[in-house]
Amino acid sequence: ELAKSQLNVDKELKILKEIVFSPTSKVQQIREFMERTGHSRATFYRWKERLDREMAYQKSVSKSREIENVEVRRCE
């Protein structure tokens, strides 16, 4: 049951990513999210905030790795 629930959340997060990265207005994105997932406008914003934080973290990790690579090359 828990695995099935997690798969559903993963599917809905994938839908959110598709919607957020589409070239549509915020109003259209919210409407599409609500229609496709059955979740509320508030859930759209909560999940989008989570997605934004995850993307910012991944970007900072990527940048840290780039800096480490540059420093390693300098030492060689």
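The figures that follow rest on heavy atoms only: side chains count, while hydrogens, waters and symmetry mates do not.
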Q: Return the orientation label for the Phe33 and Trp47 ring planes: parallel under 30°, perpendicular over 60°, tilted otherwise.
A: perpendicular
(Q) Once rounded to the nearest 0.5 Å, what's the spacing between atom CG of Leu13 and atom CZ of Arg50? (A) 5.0 Å
Q. For the residue pair Gln29 and Val20, what are the closest heavy atoms and their distance?
A. NE2-O, 3.4 Å
Q: State, yes or no, whether a side-chain contact exists between Ile19 and Arg36 at a heavy-atom distance under 4.5 Å.
A: yes
Q: Can you measure from OG (Ser22) to CD (Gln28) and round to the nearest 0.5 angstrom?
A: 8.0 Å
**Q.** Rounded distance [0.5 Å steps], CZ in Phe44 versus CZ in Arg31
**A.** 12.0 Å
Q.
Could you report the tightest heavy-atom contact between Met34 and Arg41, atom names first, then the distance?
A. SD-N, 3.9 Å
**Q.** Test log, rule salt bridge (charged side-chain N to carboxylate O under 4.0 Å, His left out), inputs Asp10 and Lys14
**A.** CA-CA 6 Å; Asp10 291 344; Lys14 183 179 177 189; over 6 Å; no
(Q) So, taking the atom named CD1 in Ile30 and the one named NZ in Lys48, what distance separates them when rounded to the nearest 0.5 Å? (A) 9.5 Å
**Q.** Gap between atom NZ of Lys11 and atom CG of Leu16 - 0.5 Å precision
**A.** 14.5 Å
Q.
With clusters defined by side-chain heavy atoms of hydrophobic residues (ILVMFWY) lying less than 4.5 Å apart, directly or transitively, does Phe21 cluster with Tyr45?
A. yes
Q | Reported NZ-to-CD distance for the pair Lys17 and Glu54, which is rounded to 0.5 angstrom | A | 7.0 Å
